[in-house]
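Reviewing the structure listed below.
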Number of protein chains: 2
Amino acid sequence: MYKIGELAAACKVKPDTLRFYEKNGLLNPANRSDKGYRIYSDDDAQQLRFILRAKAMGFSLSDIRELLNIEASRSDWACADVKGMVEAKALELQTKIDEMTRLRDSLQELADACCGGPESAIHCSILDTLETK
Amino acid sequence: MYKIGELAAACKVKPDTLRFYEKNGLLNPANRSDKGYRIYSDDDAQQLRFILRAKAMGFSLSDIRELLNIEASRSDWACADVKGMVEAKALELQTKIDEMTRLRDSLQELADACCGGPESAIHCSILDTLETK
DNA sequence: TTTGACCTTTGACCTAACTCCAAGGTTTAT
DNA sequence: ATAAACCTTGGAGTTAGGTCAAAGGTCAAA
């Protein structure tokens, strides 16, 4: 059984973050002390680690809420459901990666065309391109 | 000379966006009509296109403010300054790309390890991994 | 017993880049 | 002449994921 500060420290997050997760339905403490302090169980700690791991994998908090629902009643779901979520997220990431790769290539092209010398930028090809492409 | 709605339509943005750019020091209309309407010149239109092009290349509005400063007095800057900015931005993008690529690979690994079948998720390897990695 | 570290709640604030709304004035088309 | 379509300002709201502050209650050690 942990108080909020203890669990937070153990998982290297701030107490406020745990309160935020609670408010958003991701992690409810097992009970409260008679004075109203949040008391977290080992299960809660495990759930928090689940949340943090999923977050580190790139899931949003609302994705994680969904994963926790599945976790909570695994037998109601098929492997295909879970795999589908993960693949959808991987695809989503890939789409963003492609987009950023295109941007990076454009920028690199811009940079490569520039002399990059110490002379004044009056004839800078980069600025010219941005001005009138 | 354009009124705000005309310039906005010509560049496929909303009037509010132009007001927002003005408030943030990116684009000041050349003057105001006697009744207070913003009046944009051709130079303003060109500057807006510069802003939109830079944005499409992945520059933030505060990057763009800097680029506009350079544009406004090109002779005070060296090509190397401009090239440096572009390369820094390309590197920044690359860093994000690398990070997202790692995430995507982790997700793909997770998905690949899952049977993905229609049977219940009670023994789902994805959930197991998130629970206890 | 008193000080300091903890806990509570409510609610504001942060970044980025808009987007929308309300209340009112102006211009344009019919 | 009047209605539609435009313009003005100020200020609030959006998304995501926290982060902080204020005002107060609680707990542990010296």
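Keep in mind the model is a prediction, meaning the values are calculated, not measured. Note on naming: letters A, B, ... go to the chains in the order of the sequence lines (proteins, then strands), and numbering restarts at 1 for each one.
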Beyond-backbone contact of [X] with [Y], side-chain heavy atoms, under 4.5 angstrom:
| X | Y | answer |
| --- | --- | --- |
| A:Arg49 | B:Thr132 | no |
| B:Ile64 | B:Leu68 | yes |
| B:Asp44 | B:Tyr2 | no |
| B:Arg74 | A:Asp128 | yes |
| A:Leu130 | B:Met57 | yes |

For residues 17-26 of chain A, which side-chain N or O atoms pair as donor and acceptor with protein atoms under 3.5 Å away, sequence neighbours left out?
unit_1	atom_1	unit_2	atom_2	d
A:Arg19	NH1	A:Asp16	OD1	2.9
A:Glu22	OE1	A:Arg38	NE	2.6
A:Glu22	OE2	A:Arg32	NH2	3.4
A:Asn24	ND2	A:Phe20	O	2.7

Between A:Arg38 and C:dT8, is there a contact of a side-chain N or O with OP1 or OP2 at under 4.0 Å? yes
Over all strands shown, is A:Ser60 touching base, sugar-phosphate only, or nothing at heavy-atom distances under 4.0 angstrom? sugar-phosphate
Distance-only donor-acceptor check, side chains [X] and [Y], under 3.5 Å:
| X | Y | result |
| --- | --- | --- |
| B:Gln108 | B:Asp112 | yes |
| B:Asp63 | B:Ser60 | yes |
| B:Asp98 | B:Thr95 | no |

Taking for each residue the nucleotide of DNA chain C bearing the nearest heavy atom, is the 5' side occupied by B:Phe59 or by A:Gly5? A:Gly5
Hey, can you pull the residues of residues 92-102 of chain A with a non-hydrogen atom under 4.0 angstrom from DNA chain C? none
Give every donor-acceptor pair under 3.5 Å between a side-chain atom in residues 116-127 of chain B and any protein atom, sequence neighbours left out.
unit_1	atom_1	unit_2	atom_2	d
B:Ser120	OG	B:Ile122	N	3.1
B:Ser125	OG	B:Ala113	O	3.3

Quick one: [X] [atom1] to [N] [atom2], roughly how many Å, whole number?
| X | N | atom1 | atom2 | result |
| --- | --- | --- | --- | --- |
| A:Leu18 | C:dC6 | CG | C1' | 15 Å |
| B:Asp63 | C:dA16 | CG | C1' | 12 Å |
| B:Asn24 | C:dA17 | CG | P | 9 Å |

Interatomic spacing from CE in A:Met85 to CD in A:Glu66 - rounded to 0.5 Å: 4.5 Å
If you apply the rule side-chain contact (heavy atoms from CB on, under 4.5 Å), what do you find for A:Lys96 with B:Ile97, and how did you get there? CA-CA 9 Å; A:Lys96 278 192 199 143; B:Ile97 289 170; over 6 Å; no
Paired and unpaired positions of DNA chain D as dot-bracket, Watson-Crick or G-U wobble under 3.5 Å, | denoting a partner strand: ||||||||||||||||||||||||||||||
Range on DNA chain D touched by chain B, heavy atoms, distance below 4.0 Å: D:dC6 to D:dT9
One pair to check against side-chain contact (heavy atoms from CB on, under 4.5 Å): B:Leu52 and B:Cys11. What are the steps and the verdict? CA-CA 9 Å; B:Leu52 297 176; B:Cys11 292; 3.8 Å; yes
Base contacts versus sugar-phosphate-only contacts with protein, heavy atoms under 4.0 Å: please encode nucleotides 18-30 of chain C as B, S and - from 5' to 3'. BBB----BBS---
